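Here's the structure we're looking at; comments come further down.
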Amino acid sequence: MTVLEAIQKSTDFLGKKNVESPRLQTELLLAHLLKMPRMKLYLNFDRALTTAETDALRELVKRRGAREPLQHITGSTNFCGHDITVNRHVLVPRPETELLAELAWNFLAGSGMPAPLVLDFCTGSGCIAIAIAAKSPSAKIIATDISPDALALARKNADQNQMAERIEFLPGDGFAPLLSEGRVPRVPNFDLIVSNPPYIPSAEIETLDPEVRDFDPRLALDGGADGLDFYRRLAAEARAHLQPAGKIMVEFGDGQADAIKKLFENEKWIVEAVQEDYSQRARVLVARR
């Protein structure tokens, strides 16, 4: 079987399994298998696959046809130019979340702060903390998460992106990790708090695409009955951890902008902006004390 024939047959299979963009998904799987850039496949359409390569591709395509995320199959994804390892313990970073990271590092760049302190609340894979650290070389980042498995992977990602010395990972629920580290009390005041917390209403999780519903950790998805539990906590509690000139930036889901803006305004925050993502959907709230 040639590369082109493999692509055509695998595309047909994935299309019948209702996988979105089946041709692209096939090409990415094959490029991963052959360890070559995807576009190089087009220069190798006539190349014959070995039996081992054909068998391996068949298994990868079957996994994708069962709706296992492409990123789980390949083991990583790209976020703001950084290679981020992912698995069942963390949410697969979404492209729209890059907006949150970009807003964060642009704020720090223009702030004039010599050594800003940043909190990444619900860090997951660590992708946001890593992206901010890379673009803000004078910043110190503290990243928290309730999941020990997620934090272990986040530490691995920080290490493989040469950011381990810049990011401190703390386990625990909400702001609790900041109150005590097991050694001495600590209540740091941050110059910036960023968060992409769970925001899916509990009852809606079963309606999500199989790639999300069956493979992303429920802990990283479930935002409570209306999806807003974490925003209530952030609106009520984050002020005590923020410097007077600091800001908070939070990502949220489709249709949640007005409710989250009201939550923060009710807690006397000054909402500076609700930023749209690259598909013109309201995605990130920016507020100050």
Side-chain angles (χ1 to χ4, degrees), residues 19-21 23-42 44 53 56-57 59-61 63-64 67-106 108-109 118 120-145 147-170 194-196 211-212 215-217 220-221 251 277-278 283-284:
V19 172
E20 188 175 348
S21 304
R23 170 82 181 225
L24 174 61
Q25 297 283 297
T26 294
E27 291 178 357
L28 290 170
L29 287 172
L30 186 53
H32 168 72
L33 175 66
L34 298 180
K35 295 181 173 57
M36 66 172 61
R38 171 178 157 248
M39 297 310 297
K40 196 172 180 181
L41 294 175
Y42 289 79
N44 289 271
E53 288 170 341
L57 178 63
E59 288 305 309
L60 296 181
V61 171
R63 289 171 63 184
R64 188 67 189 95
R67 306 299 291 271
E68 183 176 352
L70 173 74
Q71 298 90 341
H72 285 191
I73 297 171
T74 62
S76 67
T77 191
N78 185 281
F79 185 84
C80 294
H82 302 279
D83 191 52
I84 302 295
T85 298
V86 293
N87 58 26
R88 282 179 173 268
H89 299 303
V90 298
L91 196 73
V92 174
R94 305 320 194 232
E96 55 266 28
T97 302
E98 294 188 352
L99 171 65
L100 176 59
E102 182 179 350
L103 289 169
W105 75 58
N106 283 337
L108 295 176
V118 180
D120 180 14
F121 183 96
C122 298
T123 193
S125 66
C127 62
I128 297 172
I130 290 165
I132 294 172
K135 289 285 189 175
S136 310
S138 65
K140 164 73 175 179
I141 294 96
I142 293 178
T144 65
D145 204 286
S147 167
D149 291 324
L151 279 181
L153 188 61
R155 289 188 182 97
K156 176 182 177 182
N157 281 323
D159 185 58
Q160 68 188 22
N161 283 280
Q162 289 79 53
M163 294 296 155
E165 294 183 2
R166 303 273 315 288
I167 306 170
E168 182 180 5
F169 294 97
L170 299 178
V194 296
S195 184
N196 178 24
E211 288 87 343
V212 177
F215 293 93
D216 278 341
L221 297 172
E251 181 177 336
D277 62 20
Y278 310 120
R283 186 62 61 195
V284 176

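These figures come from a predicted structure and were not determined experimentally. Computation of the quantities below employed the complete heavy-atom set of this structure, encompassing side-chain atoms and omitting hydrogens, waters and symmetry-equivalent molecules.
For the pair L100 and S195, the tightest heavy-atom approach, listed with the atom from each and the gap, is CD2-O, 3.6 Å. In terms of heavy atoms, V86 sits closest to Q71 at CG2-O, 3.5 Å. Nearest approach of R64 to E211, heavy atoms of both residues: NH1-OE2, 3.0 Å. Closest non-hydrogen pair, A101 versus A131, comes out as CB-CB, 4.0 Å. The shortest heavy-atom contact between V118 and A139 is CG2-CB, 4.5 Å. When every heavy atom of Q162 is checked against every heavy atom of Q160, the shortest pair comes out as NE2-O, 3.2 Å.
Atom NZ of K156 is surrounded by 12 or fewer heavy atoms from other residues, nucleotides or ligands within 6.0 Å.
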inquiry  = Could you walk me through whether I128 and E251 satisfy the side chain to side chain contact (heavy atoms under 4.5 Å, CB included) test, starting with their C-alpha distance in whole Å, then the side-chain angles of each, then the deciding distance to 0.1 Å, before giving a yes or no?
reply    = CA-CA 11 Å; I128 297 172; E251 181 177 336; 5.5 Å; no
ask   = Taking it one step at a time, do R23 and E27 satisfy salt bridge (charged side-chain N to carboxylate O under 4.0 Å, His left out)?
value = CA-CA 6 Å; R23 170 82 181 225; E27 291 178 357; 2.6 Å; yes
ask   = Can you list the steps and then say if L60 with T74 is a side chain to side chain contact (heavy atoms under 4.5 Å, CB included)?
value = CA-CA 9 Å; L60 296 181; T74 62; over 6 Å; no
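The CZ atom of F169 sits 10.5 Å away from atom OG1 of T144, with the distance rounded to the nearest 0.5 Å. To the nearest 0.5 Å, atom CE of residue M163 and atom CD1 of residue I130 are 8.5 Å apart. Separation of atoms CG (D216) and CG (L221) is listed at 5.0 Å; rounding is to 0.5 Å. We find the CZ-CG distance between F121 and N196 to be 12.0 Å, quoted to the nearest 0.5 Å. The CZ atom of R38 lies 10.5 Å from the OG1 atom of T26; values are rounded to the nearest 0.5 Å. A distance of 8.5 Å separates OG1 in T77 from CG in D83, rounded to the nearest 0.5 Å.
Residues D149 and L153 fail the side-chain proximity criterion, which asks for heavy atoms closer than 4.5 Å. Contact check for V212 versus R94: side-chain heavy atoms found under the 4.5 Å cut-off. I167 is not listed as a side-chain neighbour of I132, based on a closest heavy-atom distance of 4.5 Å or more. Residues Q25 and E20 have side chains not in contact (no heavy-atom distance under 4.5 Å, counting atoms from C-beta outward). Side-chain atoms of R88 and F215, non-hydrogen and from C-beta on, do get closer than 4.5 Å to each other.
Looking only at distances, no side-chain donor or acceptor of D159 sits under 3.5 Å from a matching main-chain atom of A164.
Considering only residues two or more places apart in sequence or on other chains, F79 meets the ring pair (Phe, Tyr, Trp, His ring centres under 6.0 Å) condition with none of them.
Y278 and E98 share no side-chain donor-acceptor pair at under 3.5 Å. Judged by distance alone, the side chains of S125 and N157 never bring a donor and an acceptor atom under 3.5 Å apart.
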